[in-house]
Chemist: 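I'd like to ask some things about the structure below.
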Amino acid sequence: MTKTALITGASRGLGAALAEALAPTHRIIAVARTTGALEELDDRIQANGGAATLAPMDITNADAMAVLCRGIHDRWGSLDLWLHTAIHAVPLSPADHIDAKDMTKSVAANVTATATLIAYVAPLLGQSGQAVFFDDPRLDQKFFGAYGATKAAQIALARAWAAETATIGPDVRVVTPAPMPTATRAKFFPGENREALQSCQAQAAEVLAQL
């Protein structure tokens with residue numbers, strides 16, 4: 001029976017690379033807001049003989065996430081793997097100049113949506129599934145206040161869940177990938193030499209080797 005992998009934030013960057021790497025052995029359920037990018041991902045997966053179910057949804061829409069997870073249950077019964085790469089990255093700003101709307105969006109996407117998804121996905125993973133979250137070592141650097149605070153909260157949720165399920169499952173892990181030439185990083189470091197960064201494909205392979 002083909003295993004199932006839910007990837008939230010699958011349209012680009014590490015999420016897309018993970019989807020492509022897993023496609024030979026898993027049915028991919030790819031979630032992202034950008035329909036066009038998801039379709040391009042699906043084309044690449046199909047070209048290599050894999051299969052994906054596309055879910056162009058916003059993770060901050062709790063009703064949509066409930067429908068998604070109910071659909072997974074009805075169609076496949078369970079999940080083997082959840083990789084949560086989705087993140088909302090606002091422009092860098094001094095802590096005393098953080099835009100209120102940016103902060104609200106960051107909390108909604110990085111904290112509230114993560115907590116909602118954990119509650120919805122946990123029953124699908126059961127005791128034998130795996131969930132993977134992705135940490136960022138820049139959380140306390142200058143100008144990273146809004147992103148850093150909400151990303152740290154997301155990782156705190158993941159680590160708490162990992163501790164709570166350590167002996168009963170599912171297996172919850174937090175990994176820290178190396179810097180990659182993603183669109184998110186380009187927003188933070190627009191003048192950076194991207195050739196010096198590790199590819200998303202290389203990091204995807206490294207992450208999956210740890211599972």
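Just so you know, residue 1 is the first one in the sequence shown, and it goes up from there.
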Chemist: Under the rule for side-chain hydrogen bond (donor to acceptor under 3.5 Å, both in side chains), what residues qualify as partners of Q46, not counting sequence neighbours?
Modeler: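 Checked Q46 against side-chain hydrogen bond (donor to acceptor under 3.5 Å, both in side chains); matches are D42.
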Chemist: Under a 4.5 Å side-chain heavy-atom rule over Ile, Leu, Val, Met, Phe, Trp and Tyr, are V174 and L208 clustered together?
Modeler: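 No, V174 does not connect to L208 through the hydrophobic network.
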Chemist: Only one of Q141, K187, R138 passes side chain to side chain contact (heavy atoms under 4.5 Å, CB included) with Y147; say which it is.
Modeler: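 So the option named by the test is R138.
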Chemist: Decide yes or no for T25 and K3: does some side-chain heavy atom of the first lie under 4.5 Å from some side-chain heavy atom of the second?
Modeler: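 No - every pair of side-chain heavy atoms lies 4.5 Å or more apart.
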Chemist: Hey, does D102 have a side-chain heavy atom less than 4.5 Å from the side chain of S93?
Modeler: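 In short, these two side chains do not touch, never coming nearer than 4.5 Å.
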Chemist: Would a single hydrophobic cluster contain both L211 and F134, if residues Ile, Leu, Val, Met, Phe, Trp and Tyr are joined by side-chain heavy-atom contacts under 4.5 Å?
Modeler: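 In one cluster with F134: L211, yes.
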Chemist: Go through it in stages, so that I can follow the logic: the residues are D135 and R159, the test is salt bridge (charged side-chain N to carboxylate O under 4.0 Å, His left out), and I'd like the CA-CA distance, side-chain angles, deciding distance and then a yes or no.
Modeler: CA-CA 10 Å; D135 202 357; R159 294 193 188 282; 3.3 Å; yes
Chemist: Going hydrophobic residue to hydrophobic residue with side-chain gaps under 4.5 angstrom, can you get from I72 over to I118?
Modeler: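 Hydrophobic grouping puts I72 with I118.
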Chemist: If you measure from CG on L68 to CG on L117, what distance do you get to the nearest 0.5 Å?
Modeler: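 Spacing of CG (L68) from CG (L117) equals 8.0 Å.
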Chemist: For atom CD of E164, decide whether the heavy atoms of other residues, nucleotides or ligands shown that lie under 6.0 angstrom number more than 12.
Modeler: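 Counting neighbours around CD of E164, more than 12 heavy atoms of other residues, nucleotides or ligands fall under 6.0 Å, so yes.
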Chemist: Same cluster or not: are V121 and I87 linked, directly or through other Ile, Leu, Val, Met, Phe, Trp or Tyr residues, by side-chain heavy atoms under 4.5 angstrom apart?
Modeler: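 The answer is no; the residues belong to distinct hydrophobic clusters.
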Chemist: With clusters defined by side-chain heavy atoms of hydrophobic residues (ILVMFWY) lying less than 4.5 Å apart, directly or transitively, does V207 cluster with I155?
Modeler: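 Cluster IDs for I155 and V207 differ.
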Chemist: Check the angle between the aromatic planes of F144 and F189 and answer parallel, tilted or perpendicular using the 30° and 60° thresholds.
Modeler: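 Because their plane-to-plane angle lies in the 30° to 60° range, the rings of F144 and F189 count as tilted.
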Chemist: So which atom in I59 and which in A109 form the shortest heavy-atom distance, rounded to 0.1 Å?
Modeler: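 Scanning both residues, the minimum pair turns out to be CD1-O, 3.8 Å.
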Chemist: Do K101 and T104 come within less than 4.5 Å of each other through their side chains, counting heavy atoms only?
Modeler: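 No; the side chains remain at least 4.5 Å from each other.
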Chemist: Under 3.5 Å, which donor-acceptor pairs link side chains of residues 5-12 to any protein atom two or more places apart or in another chain?
Modeler:
from: T8; atom 1: OG1; to: W82; atom 2: NE1; distance (Å): 3.0
from: T8; atom 1: OG1; to: L83; atom 2: O; distance (Å): 3.4
from: T8; atom 1: OG1; to: H84; atom 2: ND1; distance (Å): 2.7

